[in-house]
Every structure is written in structure tokens, then in C-alpha cells.
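This report refers to the structure that appears directly beneath it.
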Amino acid sequence: MTENRRSDSHVYGIHSAVSMLSTSPKRVRRVLLASGFRGKRLMAVRDLATQNQVRVKVVPRNNLDRIAAGEPHQGVILEIDAFELRTEQEFERTFQEWDAPLILALDGIQDPRNVGACLRTAVGAGVDAVLLTKNRSAPITDVVHRTSTGALDSVFLVGVSNLARRLDWLKQNGCWVTGTSNDAEVGYTEVDFKVASVLVVGGEEKGMRQLTASKCDHLVSIPMLGDVESLNVAVATGVLLYEAVRQRIQS
């Protein structure tokens with residue numbers, strides 16, 4: 001089963017089009033190419049669509065300009081079915097198959113570019129699943145897809161109705177939950193990420209909600225040595241996830 005968040009959407013640009021057609025062709029309803037298109041990269045998009053039995057329509061470039069509304073499209077737009085989040089029931093079933101999983105939870109991140117960057121890092125770090133709060137989070141749009149540079153198509157992304165309750169469930173099922181806080185006295189390298197772990201990062205302005213923080217077994221900080229208070233949430237996520245990767249590789 002999937003969440004009822006299905007609607008028509010668009011993906012712009014050659015790289016995003018190739019990624020979508022390569023990894024999730026069933027989500028693509030139609031490929032729109034600018035009339036007079038040429039070049040190996042656009043030909044590759046057309047060929048991928050043909051191989052996957054996706055309809056291709058050649059239209060005037062100004063039609064693409066109108067649809068993109070200022071977004072760079074490079075002569076190609078995909079008409080797609082909007083991304084469908086995994087259900088919590090599906091997550092619980094799949095969770096039983098993982099050995100010492102590494103899970104990322106995004107608590108109210110509202111900038112779609114930050115969501116996309118976090119997803120890209122999560123896939124690069126081998127995260128088993130990403131939990132996304134349904135409320136107070138950026139919707140999954142083309143901006144998220146483009147920023148993730150295709151990672152959205154391969155990540156196990158779960159829509160969570162109540163993150164605090166889900167963290168309780170994860171703890172009951174053997175996970176240790178680590179959250180981030182600028183005020184924490186524990187450094188991020190002092191936590192054991194080799195065990196089944198959930199890393200929680202909060203929104204851009206206020207960080208994690210208080211209730212979310214109360215569910216964490218550890219609160220950690222990243223030392224800031226220069227004249228800035230904190231890192232961008234996507235950058236901080238990368239630092240923390242790759243500390244987990246370092247520990248797991250060395251174990």
C-alpha cells in the first residue's frame with residue numbers, strides 16, 4: 001500500500017529525466033521534448049523513453065518554457081505521477097529484515113532543497129530508511145528530486161504521522177535514537193552508531209521539537225570553531241551520517 005498523495009507533477013532537465021527514466025519509468029506518463037531537439041543527451045532521453053515504452057511528444061520550446069515557469073528544463077520535461085511515500089505499515093514489515101539498521105528521521109525540514117540534499121546524503125551513506133514527518137515538512141516536489149540528483153528514486157522514504165510515537169516503536173524494537181542539539185555537551189563522535197541507530201535532525205529555524213528531543217537516548221552537537229552558530233541542516237546531516245559510516249566500516 002502507498003500513501004494517498006498521488007497527483008500529476010513534472011520533472012525538468014536532462015539529468016533528472018535520465019535518472020527518472022532509469023530508476024522509476026513507471027512513474028513517467030509522458031516525455032515532452034522541445035521541437036528541433038538535438039544532441040546526444042537529449043537523444044539518450046528519447047531512447048530511454050522508447051525502451052521503457054513511455055510516450056514521447058515533441059512540442060514547441062515555448063510550451064516547455066510555460067510549463068517550467070522559469071525553471072531550467074534543457075529542452076525536456078517529464079510528466080509524472082507524484083512521488084508516493086511508503087506507509088508506516090510497509091516500514092514495519094521491512095524493518096524486520098534489517099540487521100542493525102541505520103535510519104534517518106527528518107523532523108519538520110521545510111526547505112525542499114534541504115530535504116533533497118539530506119536524501120542524497122542518506123543514499124550515499126547507505127541509510128536503510130528515511131522518516132519524513134507528514135506535517136511541517138516540505139512536500140516532495142521536483143525541487144526535491146532535482147536536489148537529490150536522483151536519490152529520491154532509490155531511497156526508502158516513509159511518511160510518518162507521529163514521529164514521537166514512531167521513535168518509541170523503534171526503541172522498543174532495539175534501536176538507539178540520537179538527536180542533534182547545539183546545546184548538547186556530548187560530541188557526535190562519542191555515540192556508538194554501530195548498533196541499530198536512528199539519527200534525528202530538526203528543522204531549519206528551531207531544530208527538533210521538544211517532544212521529539214525527549215524521545216532521544218542521546219543528544220549530540222557538532223563543534224563550531226568559527227564565528228557561526230550552527231551548520232546548515234543538510235551539511236550537519238552529512239557530517240553525522242558519515243560518522244556512522246566511519247564507525248561501521250571500521251567495526
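Along the sequence shown, residues are numbered consecutively beginning with 1.
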Is any side-chain heavy atom of [Y] closer than 4.5 Å to one of [X]?
X	Y	answer
H218	V186	no
E71	H10	no
V18	V45	yes
T212	T133	no
L170	R166	yes
V200	K215	no

Review point. Parallel, tilted or perpendicular for W98 and F95, by the 30°/60° rule?
Key: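 W98 vs F95 ring planes: perpendicular.
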Working to the nearest 0.5 angstrom, can you tell me the gap between [X] [atom1] and [Y] [atom2]?
X	Y	atom1	atom2	value
L152	L157	CG	CG	6.5 Å
L33	L64	CG	CG	8.0 Å
N232	C118	CG	SG	7.5 Å
S22	N52	OG	CG	7.5 Å
T180	D107	OG1	CG	9.0 Å
C216	L167	SG	CG	6.5 Å

Practice item. Run the salt-bridge test on R246 and E243 with the 4.0 Å N-O cut-off and return the result as yes or no. Key: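 Yes.
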Point to revise | Among D192, V191, T189, the one residue meeting side chain to side chain contact (heavy atoms under 4.5 Å, CB included) with Q247 | key: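 Filter result, single survivor: D192.
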Practice item. Tell me, with the steps shown, if D111 and V233 meet side chain to side chain contact (heavy atoms under 4.5 Å, CB included). Key: CA-CA 10 Å; D111 187 330; V233 63; over 6 Å; no
Exercise for review: Would you mind listing every salt bridge (Lys or Arg N to Asp or Glu O under 4.0 Å) that reaches into residues 33-62, with sequence neighbours excluded?
Suggested key: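 The answer is none; no pair qualifies.
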Practice item. Provide the closest heavy-atom pair for A68 versus H73 in the form atom of the first, atom of the second, distance. Key: CB-CD2, 3.9 Å
Check your understanding: Any sub-3.5 Å donor-acceptor pair from T147's side-chain atoms to V144's backbone N or O?
Key ->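 Flag not set: sc T147 to bb V144 has no pair under 3.5 Å.
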